[in-house]
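Only one structure is covered here, and it is reproduced in the block below.
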Amino acid sequence: MSEFTPNVPERPSLDGLELKWAARWEESGVYRFDAPGDRSAVFSIDTPPPTVSGSLHVGHVFSYTHTDVVARFQRMRGKHVFYPMGWDDNGLPTERRVQNHFGVRCDPSLPYDPDCTYPEPLAKKGERPLVNLSRRNFVELCEKLTEVDELAFEELWRRLGLSVDWSMTYMTISRRVQRLSQLAFLRLVRNGEAYQAEAPTLWDVGFQTAVAQAELEDREHPGAWHRIAFHAPGGEKVFIETTRPELLPACVALIAHPDDERYQGLFGSTVTSPVFGVPVPVLPHPAAEQDRGAGIAMCCTFGDMTDVQWWRELKLPARTIIGRDGRILPEAPAGLDGAEGREAYASLAGATVHTARERVVAMLRESGDLDGEPRKVVRPVKFYEKGDKPLEIVSSRQWFIRSLSHQDALLDRGAELEWHPAYMKARYDDWVRGLNSDWLVSRQRFFGVPFPVWYPLDEDGEPVYAEPIVPGEESLPVDPSSATPPGYDEGQRGRPGGFVGDPDVMDTWATSSLTPLIVCGWESDPELFAQTFPMDLRPQGHDIIRTWLFATVLRSHLSEDAVPWRHAALSGWILDPDRKKMSKSKGNVVTPMHLLEQFSADAVRYWAASGRPGTDTAFDEGQMKVGRRLATKLLNASKFVLSIPEPAAGAEVTEPLDRAVLDLLDDVVAQATAALEAFEYTTALEVAERFFWLFCDDYLELVKPRAYADIGGDAGRESARLALRTSLSTLLRLFAPFVPYATEEAWSWWHTGSVHAESWPTSAGGGDASSAELVALATTAISAVRKAKSDAKQSMRAPVEKVRVLGPREQLDRIGLIAEDIRAAGHVGVVEFDATTEALRFEVTLPE
RNA sequence: GGGCGCGUAGCUCAGCGGAAGAGCACUCGGCUUACACCCGAGCGGUCGCAGGUUCGAACCCUGCCGCGCCCACCA
């Protein structure tokens with residue numbers, strides 16, 4: 001480029017930049033990953049695949065921007081940035097959305113219909129009966145809907161300016177990912193790290209599926225304490241207290257602490273439950289707390305996890321009374337043998353837990369075994385995080401991945417990671433230390449990756465779970481509900497001596513925990529894998545440390561004997577102005593596309609970049625306005641610098657002010673680089689921004705007359721022109737990761753290539769202190785002149801008769817170096833110096 | 001109950017051992033050959049509280065108060 005006046009528009013604007021540049025970036029492939037053949041030249045990012053179940057919100061925009069800033073920085077540093085995007089379309093949210101959207105329901109017993117005509121979306125809820133679909137048809141419909149969602153997501157991400165390589169996009173429900181997920185699972189089965197077991201499991205009666213420890217949350221739930229009498233053989237009453245009287249027929253023991261003096265005489269004896277008349281032992285166990293309730297608890301199968309512990313450790317019988325639908329089972333459990341007890345139970349059969357509770361309380365009241373009235377309490381109860389009814393515990397057969405036996409190794413893996421911010425590691429450590437069961441990965445749902453397993457049926461038609469049939473790896477992915485296992489034909493499905501497919505699907509996390517393996521080409525592209533794994537960065541929310549982060553570390557540990565990445569960057573929440581977490585349910589979400597349209601992508605990115613790693617950040621349109629101003633200013637400042645003729649060949653930066661400013665900028669580059677290397681993008685933006693405003697407000701004003709050649713002669717003019725272009729080039733590159741559109745636009749006015757493919761500015765080591773001081777002196781001087789004009793309510797263009805500079809000799813000497821710039825910029829007649837022993841000050845004399 | 005983080009200007013936040021900072025808001029002024037979607041000047045703070053360490057503390061230590069989050073318990 002050697003044109004004097006580059007291609008600068010008359011009135012630069014942010015409007016329309018997104019569409020213009022997003023299209024050109026796609027065309028030119030500037031963000032395309034090309035494998036360099038060398039792991040050290042790659043920066044690979046394990047981007048979170050957003051759940052495709054509706055819409056992205058500002059929280060997504062916030063955290064994905066952080067990652068993009070880092071990606072762009074690394075790219076400019078010369079790294080081959082491996083930055084794919086995925087969509088998590090697996091799981092409950094999609095299932096639920098499809099059911100509501102199309103008015104359908106999955107019936108796994110139906111056969112697959114290859115010519116199915118799918119229903120149109122419902123115009124309004126309940127306008128027609130639900131349409132039943134086979135599992136495979138249901139899954140196809142899910143895929144249809146998620147495709148549409150994914151396009152909308154991609155459009156938003158492109159507009160935001162994420163420098164993702166869109167040619168590598170993956171979907172967690174795709175055949176490729178299903179294959180990989182099943183393959184990884186079968187490998188775990190083979191080496192004993194995945195197993196199935198029949199055990200009491202936390203169960204959501206609404207969704208009718210088992211849930212894992214990581215998916216629990218506590219909610220305040222109203223209940224009541226009931227004081228209930230059991231009967232000892234001698235006729236005396238033993239009172240227990242419970243919030244779940246409906247579990248009385250499931251009671252298998254009373255438990256008190258071994259040291260509790262009140263119950264010493266009862267240990268080993270048998271008491272009889274009221275109403276149901278079931279004899280149960282009174283047993284000691286250290287998990288019983290003396291100062292809680294009556295100090296003696298009724299152990300039921302199962303009211304809570306302590307019941308499970310007692311049941312297991314004291315080898316108690318199981319008296320299950322709650323079914324998977326949350327209702328009381330029709331058949332009374334073994335042990336409930338008395339006629340009266342059976343009659344009482346019959347009155348509960350089929351009732352919901354809530355109704356059963358009322359009936360049991362009524363019966364207790366009638367028999368006189370309810371002591372006093374129930375006392376209402378609100379106490380925390382375990383819920384499935386997506387559910388709306390308290391969890392029950394039912395016994396069921398489930399698949400688990402071993403994690404308890406790897407606790408120490410997982411803590412070591414956590415220590416291998418660099419955490420940003422560092423204190424987030426504590427959450428991981430807490431979680432790993434607090435694990436109380438292996439990872440339950442099976443879900444009794446439909447839309448997800450099926451377990452690639454069948455079971456032979458014995459002559460009675462009962463599955464032989466101990467001898468699962470697995471497919472060959474080459475046949476993956478398989479859906480055992482429609483595929484036939486090796487050695488069988490389809491006619492044997494469900495028949496004695498035949499087979500049955502595992503009906504369950506894997507939990508979403510069981511697949512998304514494999515994202516590093518999915519994107520890096522595990523078991524499919526060894527060359528790519530060698531260049532990208534272990535990955536450099538996992539960015540994610542701090543709320544899913546116990547799920548996604550933990551599970552990914554576990555799977556990588558089991559599969560690759562390695563950490564999945566070197567750095568984990570945890571982003572915070574977006575808080576609404578009331579300091580609450582922004583969420584859809586609170587109805588306070590602002591749609592991201594609207595924000596991008598209103599403020600521009602650069603502005604929204606600027607706001608996002610103001611949130612430090614791990615820190616919850618307020619949603620702040622004010623910050624977006626500031627960002628918009630910055631981006632506009634970059635365009636205008638660029639226009640101005642480029643409107644000044646290019647420096648002549650052989651020009652040199654000779655003027656003290658010019659040298660000092662470049663020195664200062666060099667220091668800014670050093671600071672910004674160090675900050676970005678440590679994922680402290682906010683600090684990088686701050687130092688760049690502080691310099692930029694000083695550059696615009698003070699340096700540009702001071703240097704204008706010289707650059708226009710009004711003063712200073714040839715050398716001064718060329719020095720100014722060279723310093724201006726040099727600064728602008730550096731500044732545009734410094735801001736490119738943050739405001740990619742404005743910087744690209746301005747860059748395009750005087751360069752042919754993309755700024756995002758340029759190299760990151762390098763620092764010569766930072767300026768010395770005297771440069772910073774000289775710039776500070778220049779700022780102080782020009783401010784003093786401005787203040788005088790401002791106090792006199794005059795225009796900045798108004799002439800100044802005289803400026804007297806008073807202060808220490810050394811400072812006067814330094815100001816002397818830049819006095820001519822100050823004089824010209826301030827429209828000052830003469831500048832005089834008077835050495836004193838006092839602090840530096842300026843006397844500004846305006847004309848009469 | 002355990003852990004983590006945070007309390008600095010009206011608001012959003014930097015600063016984390018050497019003279020209290022920025023932006024926004026507010027007040028006053030200015031069409032200045034890049035930008036009026038702009039520019040300039042100004043107002044504004046017992047750095048949560050109380051002790052301690054230090055020549056020196058917003059910063060380090062101890063205790064307390066308040067807010068948020070994570071985990072556990074849930075008879």
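Since this is a predicted model, take the numbers as computed values, not measurements. Residue numbers begin at 1 in each chain, while the letters A, B, ... track the order of the sequences.
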Ion pair E373(A)/R227(A), N-O distance below 4.0 Å: no
Using atom CG of L635(A) as one end and atom C1' of A34(B) as the other, report the distance to the nearest whole Å. 11 Å
Heavy-atom nearest nucleotide on RNA chain B taken for D791(A) and for Y708(A); more 5' hit belongs to Y708(A)
Indicate whether OP1 or OP2 belonging to C24(B) is found under 4.0 Å from a side-chain N or O atom of R629(A). yes
Could you tell me how far C69(B) sits from A58(B) if I compare only their P atoms? Round to whole Å. 31 Å
For C31(B), which nucleotide is its Watson-Crick or G-U wobble mate, given both distances must be under 3.5 Å? none
With no hydrogens and no angle check, is any side-chain donor or acceptor of T547(A) less than 3.5 Å from a backbone partner on A214(A)? no
So, is T306(A) near the phosphate of C74(B), with a side-chain N or O under 4.0 Å from OP1 or OP2? yes
Can you tell me the base-pairing partner of G1(B)? Count Watson-Crick or G-U wobble geometry only, both distances below 3.5 Å, and say none if there is no partner. C71(B)
Between the base of C74(B) and the side chain of D218(A), is there any donor-acceptor pair under 3.5 Å? yes
Within the pair K625(A) and G23(B), is there a side-chain N or O less than 4.0 Å away from OP1 or OP2? no
Calculate the interatomic distance between E689(A) atom CD and G23(B) atom C1'; express it in whole Å. 8 Å
May I ask you to verify if any side-chain N or O of Q213(A) is less than 4.0 angstrom from the OP1 or OP2 atom of A72(B)? yes
Check whether any side-chain N or O of E680(A) sits under 3.5 Å from a backbone N or O of A684(A) as a donor-acceptor pair, and report yes or no. no
Are any of the side-chain nitrogens in R546(A) or D430(A) under 4.0 Å away from the carboxylate oxygens of its partner? no
Report which part of the nucleic acid K633(A) touches: base, sugar-phosphate, or nothing (heavy-atom distance under 4.0 Å, all strands). base
Rounded P spacing from C26(B) to U8(B) in Å: 22 Å
From CG of L732(A) over to C1' of A34(B), roughly how many Å is that when rounded to an integer? 14 Å
Is any side-chain heavy atom of F691(A) closer than 4.5 Å to a side-chain heavy atom of L731(A)? yes
Once you apply the 3.5 Å cut-off to both distances, tell me the Watson-Crick or G-U wobble partner of C11(B), or none. G23(B)
Taking only the C1' atom of each, what is the distance from G5(B) to G48(B) in whole angstrom? 16 Å
When the C1' atoms of C47(B) and A14(B) are considered, how many whole Å apart are they? 13 Å
Sugar-phosphate only, base, or nothing, as touched by L700(A) at under 4.0 Å among non-hydrogen atoms: base
Specify the separation, in whole Å, of atom CD of Q671(A) and atom C1' of G15(B). 13 Å
Specify the separation, in whole Å, of atom CZ of R797(A) and atom P of C31(B). 8 Å
Identify the nucleotide, in any strand shown, that forms a Watson-Crick or G-U wobble pair with G66(B), with both distances under 3.5 Å; if there is none, say none. C6(B)
Nucleotide opposite C55(B) in a Watson-Crick or G-U pair, distances under 3.5 Å: G18(B)
Quote, to the nearest angstrom, the P distance that separates C61(B) from U53(B). 15 Å
Please state how far atom CZ in R427(A) lies from atom P in C71(B), giving the value in whole angstrom units. 8 Å
Tell me whether the side-chain N/O atoms of K704(A) come closer than 4.0 Å to OP1 or OP2 in A34(B). yes
The Watson-Crick or G-U wobble partner of G44(B), with both key distances under 3.5 Å, is none
Do the rings of F550(A) and Y428(A) sit parallel, tilted or perpendicular, given the 30° and 60° boundaries? tilted
If the P atom of G56(B) is compared with that of G3(B), how far apart are they to the nearest Å? 33 Å
What's S783(A) touching, base or sugar-phosphate or nothing? Going by heavy atoms closer than 4.0 Å. sugar-phosphate
Quick check: any donor-acceptor pair below 3.5 Å linking the side-chain of S790(A) to the base of G40(B)? yes
When all nucleic acid strands are considered with a 4.0 Å heavy-atom cut-off, which category describes R546(A): base, sugar-phosphate, or nothing? sugar-phosphate
Take Y606(A) and C696(A), find for each the nucleotide of RNA chain B with the closest heavy atom, and name the residue whose nucleotide sits nearer the 5' end. Y606(A)
From NE2 of H226(A) across to P of C74(B) the rounded distance in Å is 19 Å
Give one of base, sugar-phosphate or nothing for A788(A), where a contact means two heavy atoms less than 4.0 Å apart. nothing
Please report the distance, rounded to the nearest Å, between CZ in F695(A) and C1' in A34(B). 11 Å
Heavy atoms under 4.0 Å, any strand shown: does W607(A) hit a base, just sugar-phosphate, or nothing? nothing
Looking across every strand, which nucleic acid part, if any, lies under 4.0 Å from A288(A) by heavy atom: base, sugar-phosphate, or nothing? base
Cation-pi check, K625(A) to Y606(A): give yes when NZ or CZ is under 6.0 Å from the six-membered ring centre and within 45° of the ring axis, no otherwise. no
What is the nucleic acid contact for S610(A), judged by heavy atoms within less than 4.0 Å: base, sugar-phosphate only, or nothing? nothing
Give one of base, sugar-phosphate or nothing for R11(A), where a contact means two heavy atoms less than 4.0 Å apart. sugar-phosphate
Between F679(A) and H66(A), is the ring centre distance below 6.0 Å? no
